[in-house]
Every structure is written in structure tokens, then in C-alpha cells.
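Throughout, numbering of the chain's residues begins at 1 and tracks the sequence.
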Amino acid sequence: MQRIVTALGIALIIAGIFGKSYTWHYDHRETATLEDYATTEFLASRDVDGNLEGANLSLWDYRYDDAKLLKKAILFTDGAPWEVIAATRQTPGRWRNENKIFVALPKSSLKDIMVAKEVRFKFFYDNGQTIDLPLGQKELVAWQRKLRW
């Protein structure tokens, strides 16, 4: 009986170590582009005459820890920063939390996005973690196409 309890204890410790290391690794994952890190949606809006009037960025990120998004973000167009105020929401889940950030991009930044060679998006969590990733080339072209349409 003692061997069974010892084996069960060791198995639980190993499972706990694996689970903790996996969840930490997932929350601190390294990727090359923003769209690889999180689900993004970029929408351009136009008035009735077809003139560009604004654009919104929505981002969904899943995490195992309880860190919440801060209501600030920075969009960089070829290195030029555009600080934005964001709306955020966290939806607790059974195993992981869903974090959403919604940003109305400044109208003045849209012209820069249309001609940018690199667009980066930086957002912050309340635990001190900062995510700063560029758009992939395909995603950048898609954003520019939506703005030029």
C-alpha cells in the first residue's frame, strides 16, 4: 500500500511540474508575428460616400494565468508610435482565460499604415508582461488593402 501511495504521489508531482511548465511556456510563448500570437481582426470603416473614416483592431489572447490586459497599447508604423486607449475584457474559463482588446485607431495613423513597411502592436498585462510583435507581411498587405479599398 505504501508503494502505491508513493508512486501516486510521485506521479502527481510530475504531472504538476509538467502542467505548470506547460502553462508558463504557453503564457510566455515566443512567436515572430502578432497573428501567430493571438487572433486578430482589422476592420476599416467608410462613410456613405466611400471615404475612409476610421479603423478598429480587435485581438483575442488566451492565457492560463490571471493577468489582465491594461487599457493602453501602442501601434508603431515604421517606428513612429501611436498611443491608443483600449477597451479590454477578460472572460474567465475553466482552464484558461480569454483576454480581448479593442482599439479604435487614430484616423491620422491610417495614412501611415497604408504606406508602412512594418507595423508593430504593443500591449501590456497587469503582471508586467509586455507583448510587442510586428504584423506578418501577408497580414500587413491585408490591412493596407482594406484601407485602400
Side-chain angles (χ1 to χ4, degrees), residues 10-149:
I10 291 172
L12 288 173
I13 289 170
I14 291 172
I17 291 170
F18 172 77
K20 182 67 173 173
S21 65
Y22 173 79
T23 57
W24 187 91
H25 182 270
Y26 184 83
D27 287 348
H28 295 83
R29 61 199 178 273
E30 294 183 16
T31 61
T33 62
L34 184 64
E35 60 272 14
D36 289 342
Y37 184 83
T39 303
T40 61
E41 184 176 282
F42 179 79
L43 297 172
S45 60
R46 300 190 175 279
D47 62 17
V48 292
D49 296 324
N51 299 318
L52 185 63
E53 93 183 334
N56 297 313
L57 172 63
S58 302
L59 185 138
W60 293 267
D61 181 24
Y62 295 93
R63 299 179 66 82
Y64 287 99
D65 68 12
D66 293 330
K68 293 183 180 178
L69 285 164
L70 298 180
K71 295 181 185 274
K72 66 177 183 173
I74 303 171
L75 177 80
F76 295 93
T77 55
D78 291 333
W82 300 90
E83 291 190 31
V84 293
I85 303 297
T88 62
R89 184 175 79 193
Q90 185 180 68
T91 306
R94 173 180 258 178
W95 301 108
R96 62 183 185 172
N97 300 309
E98 178 184 45
N99 290 289
K100 295 179 183 177
I101 186 168
F102 306 98
V103 178
L105 299 175
K107 190 172 183 179
S108 55
S109 72
L110 302 182
K111 288 181 182 176
D112 284 358
I113 293 171
M114 282 193 266
V115 297
K117 294 198 180 354
E118 181 187 57
V119 172
R120 298 181 73 82
F121 190 66
K122 184 176 187 177
F123 54 100
F124 309 89
Y125 284 94
D126 64 359
N127 67 353
Q129 187 179 14
T130 301
I131 308 300
D132 182 3
L133 291 169
L135 290 178
Q137 193 59 38
K138 285 173 64 175
E139 191 71 11
L140 176 59
V141 169
W143 281 30
Q144 291 171 336
R145 189 174 297 129
K146 288 178 183 180
L147 291 173
R148 288 189 182 117
W149 171 76

Chemist: Going by the rule side-chain contact (heavy atoms from CB on, under 4.5 Å), which residues pair with E41 if we only count those two or more places apart in sequence or in a different chain?
Modeler: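 So E41 forms a side-chain contact (heavy atoms from CB on, under 4.5 Å) with L43, S58, W60.
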Chemist: Check side-chain contact (heavy atoms from CB on, under 4.5 Å) between D126 and all other residues, then give those that pass, not counting sequence neighbours.
Modeler: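 Counting only residues at least two positions away or on another chain, D126 forms a side-chain contact (heavy atoms from CB on, under 4.5 Å) with A67, K68, L70.
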Chemist: Mind checking the OG1-NZ spacing from T77 to K111? Nearest 0.5 Å is all I need.
Modeler: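 The NZ atom of K111 is 13.5 Å from OG1 of T77, to the nearest 0.5 Å.
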Chemist: With rounding to the nearest 0.5 angstrom, report the CZ to CG distance, R96 to D65.
Modeler: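 If I round to the nearest 0.5 Å, the distance is 12.5 Å.
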Chemist: Check side chain to side chain donor-acceptor pair (under 3.5 Å) between Q90 and all other residues, then give those that pass, not counting sequence neighbours.
Modeler: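 Per chain and number, Q90 pairs via side chain to side chain donor-acceptor pair (under 3.5 Å) with N99.
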Chemist: Please give me the minimum heavy-atom distance between N127 and R63, naming the atom from each residue.
Modeler: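 Between these two residues, the closest heavy atoms are ND2-NH2, 3.9 Å.
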Chemist: What pairs with F124 under ring pair (Phe, Tyr, Trp, His ring centres under 6.0 Å), at least two apart in sequence or on another chain?
Modeler: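 For F124, no residue satisfies ring pair (Phe, Tyr, Trp, His ring centres under 6.0 Å) once neighbours in sequence are set aside.
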Chemist: Of all the heavy-atom pairs spanning F123 and Y37, show the shortest one and how long it is.
Modeler: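 Result for this residue pair: CZ-CE2, 4.0 Å.
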Chemist: Using the side chain to side chain contact (heavy atoms under 4.5 Å, CB included) rule, take V84 and L57 through it: C-alpha gap first, then chi angles, then the decisive distance, then the call.
Modeler: CA-CA 11 Å; V84 293; L57 172 63; over 6 Å; no
Chemist: Who passes salt bridge (charged side-chain N to carboxylate O under 4.0 Å, His left out) against E98, sequence neighbours left out?
Modeler: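 For E98 the salt bridge (charged side-chain N to carboxylate O under 4.0 Å, His left out) partners, ignoring immediate neighbours, are K100.
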Chemist: Apply side chain to side chain donor-acceptor pair (under 3.5 Å) to T33 and list each qualifying residue two or more places apart in sequence or on a separate chain.
Modeler: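 Only D36 meet the side chain to side chain donor-acceptor pair (under 3.5 Å) criterion with T33.
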Chemist: Show me the donor-acceptor pairs, under 3.5 Å and distance only, between side chains in residues 102-110 and residues at least two apart or in other chains.
Modeler:
from	atom 1	to	atom 2	distance (Å)
S109	OG	P106	O	2.6

Chemist: Might you point out which heavy atoms bring P92 and N97 nearest each other, and give the distance in Å?
Modeler: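 Heavy-atom minimum between the residues: CA-OD1, 3.2 Å.
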Chemist: For T88, check side chain to side chain donor-acceptor pair (under 3.5 Å) against everything at least two apart and list the hits.
Modeler: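 Testing T88 for side chain to side chain donor-acceptor pair (under 3.5 Å), a comparison that skips the adjacent residues, returns none.
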Chemist: Sorted by first residue and then second, give each salt bridge (charged side-chain N to carboxylate O under 4.0 Å, His left out) pair with at least one member in residues 75-92; sequence neighbours left out.
Modeler: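 Every pair satisfying salt bridge (charged side-chain N to carboxylate O under 4.0 Å, His left out) with a residue in residues 75-92: there are none.
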Chemist: Could you pull out every donor-acceptor pair under 3.5 Å between side chains of residues 140-148 and any protein atom, sequence neighbours left out?
Modeler:
from	atom 1	to	atom 2	distance (Å)
W143	NE1	E139	OE2	3.4
Q144	NE2	I113	O	3.0
Q144	NE2	M114	O	3.4
Q144	NE2	A116	O	2.9
K146	NZ	F42	O	2.9
R148	NH2	M114	O	2.3

Chemist: How close do S45 and A55 get, counting heavy atoms only, and between which atoms?
Modeler: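 In terms of heavy atoms, the two residues are closest at OG-N, 4.4 Å.
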Chemist: I need the minimum non-hydrogen distance between E35 and T40, along with the two atoms involved.
Modeler: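 Closest approach of E35 to T40, heavy atoms only: CB-OG1, 4.3 Å.
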Chemist: Measuring from atom CG of L135 to atom CD of E118, what distance do you get when rounded to the nearest 0.5 angstrom?
Modeler: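 Going from CG on L135 over to CD on E118, the span is 9.0 Å.
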Chemist: Applying ring pair (Phe, Tyr, Trp, His ring centres under 6.0 Å), can you list everything that pairs with W82, at least two apart in sequence or on another chain?
Modeler: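 Partners of W82 under the ring pair (Phe, Tyr, Trp, His ring centres under 6.0 Å) test: none.
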Chemist: Shortest non-hydrogen contact from A44 to L52?
Modeler: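 For A44 versus L52, the nearest heavy atoms are CB-CD1, 4.0 Å.
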Chemist: Who passes salt bridge (charged side-chain N to carboxylate O under 4.0 Å, His left out) against D132, sequence neighbours left out?
Modeler: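 Salt bridge (charged side-chain N to carboxylate O under 4.0 Å, His left out) check on D132 returns R120.
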Chemist: Taking side chain as C-beta onward, heavy atoms only, is I131 less than 4.5 Å from D61?
Modeler: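 Answer no - side chains too far apart.
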